[in-house]
Amino acid sequence: MGFPSFVVLDEDGELLAVVEKRTVEGFEAAVAAAKDLKALDDAGKAGDAAAAKTVLLKRIGWQAVPHAAASAALAKLDLTDDERAAATRSMLGIEMNDARLCNDKAEGLKRLLKIHSEGRLVDDPRVAGTFWRYLSVGAEALQHAEAYGLYVEYLRGQIEKNPRMKTALDAAEKK
């Protein structure tokens with residue numbers, strides 16, 4: 001989600017681990033975790049449903065599965081309440097990223113506006129910040145004044161919590 005990001009992939013490019021700490025120990029831990037996940041992935045491919053579920057939920061948590069594939073896979077699983085809650089949070093991030101990467105930029109903006117209109121934004125400032133960044137870039141590129149106005153209103157609401165947002169608000173209001 002940020003640069004630089006360090007990950008461990010298998011020979012097919014499947015994500016096996018994310019390096020959490022940029023230290024020798026952090027890299028060693030990621031390699032060990034990758035080996036464990038690879039073993040689970042192999043077991044899942046051999047028919048172990050619990051192993052396959054664990055791998056899928058881990059990759060969804062990393063937002064490493066496209067939204068449509070993740071939705072279809074999750075619909076087939078019996079999830080605990082905690083698993084469902086974690087997957088739902090991650091799915092929002094996946095959905096936002098899919099909208100951002102959509103080849104049809106108008107369709108991508110439409111998807112972001114749908115998330116907003118359905119009230120599915122979460123309180124996590126990182127998720128909200130990402131959402132508004134994606135929406136503002138799309139709205140500006142498409143000269144969609146109504147969508148850009150939503151971004152300006154979001155910034156106005158942030159000033160009290162974070163006075164440093166004033167610079168961003170001033171620039172947005174000028175646009």
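Throughout, residue positions are numbered sequentially from 1 according to the sequence presented.
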When clusters are formed by joining ILVMFWY residues with side-chain heavy atoms under 4.5 Å apart, either directly or through shared neighbours, do [X] and [Y] land in the same one?
X: Trp132; Y: Leu169; answer: yes
X: Ile159; Y: Tyr151; answer: yes
X: Leu15; Y: Leu57; answer: no
X: Ile115; Y: Tyr154; answer: yes
X: Tyr134; Y: Leu121; answer: yes

Could you state the interatomic distance from [atom1] ([X]) to [atom2] ([Y]), rounded to the nearest 0.5 Å?
X: Leu9; Y: Glu11; atom1: CG; atom2: CD; value: 10.5 Å
X: Ser136; Y: Leu109; atom1: OG; atom2: CG; value: 10.0 Å
X: Asp78; Y: Glu83; atom1: CG; atom2: CD; value: 8.5 Å
X: Leu40; Y: Leu56; atom1: CG; atom2: CG; value: 12.5 Å
X: Met91; Y: Arg84; atom1: CE; atom2: CZ; value: 10.5 Å
X: Arg100; Y: Thr130; atom1: CZ; atom2: OG1; value: 9.0 Å

Evaluation steps, side chain to side chain contact (heavy atoms under 4.5 Å, CB included), between Arg133 and Met96: CA-CA 11 Å; Arg133 185 170 52 256; Met96 289 176 354; over 6 Å; no
Asp10 side-chain N/O to Asp12 backbone N/O, donor-acceptor pair under 3.5 Å: yes
Backbone N/O of Ala30 and side chain of Lys35: donor-acceptor pair under 3.5 Å: no
Side-chain ion pair, Lys174 and Asp170, N-O less than 4.0 Å: no
Ion pair Arg59/Asp41, N-O distance below 4.0 Å: yes
Check: Leu113 and Leu135 side chains under 4.5 Å, non-hydrogen atoms: yes
Any Tyr148 side-chain heavy atom under 4.5 Å of Val152 side chain: yes
Test side chain to side chain contact (heavy atoms under 4.5 Å, CB included) applied to Leu37 and Val8, step by step: CA-CA 11 Å; Leu37 195 68; Val8 180; over 6 Å; no
Heavy-atom closest pair, residues Ile60 and Ser90: O-CB, 3.2 Å
Verdict with supporting geometry, Thr88 and Leu92, side chain to side chain contact (heavy atoms under 4.5 Å, CB included): CA-CA 6 Å; Thr88 298; Leu92 177 60; over 6 Å; no
From CA spacing to verdict: side chain to side chain contact (heavy atoms under 4.5 Å, CB included), Val19, Val7: CA-CA 6 Å; Val19 177; Val7 298; over 6 Å; no
Are there more than 12 heavy atoms of other residues, nucleotides or ligands under 6.0 Å from atom [atom1] of [X]?
X: Asp104; atom1: CG; answer: yes
X: Glu146; atom1: CD; answer: no
X: Lys53; atom1: NZ; answer: yes

Summary of side-chain hydrogen bond (donor to acceptor under 3.5 Å, both in side chains) pairs that have at least one residue in residues 107-116, sequence neighbours excluded: Glu107-Arg111, Lys114-Glu118
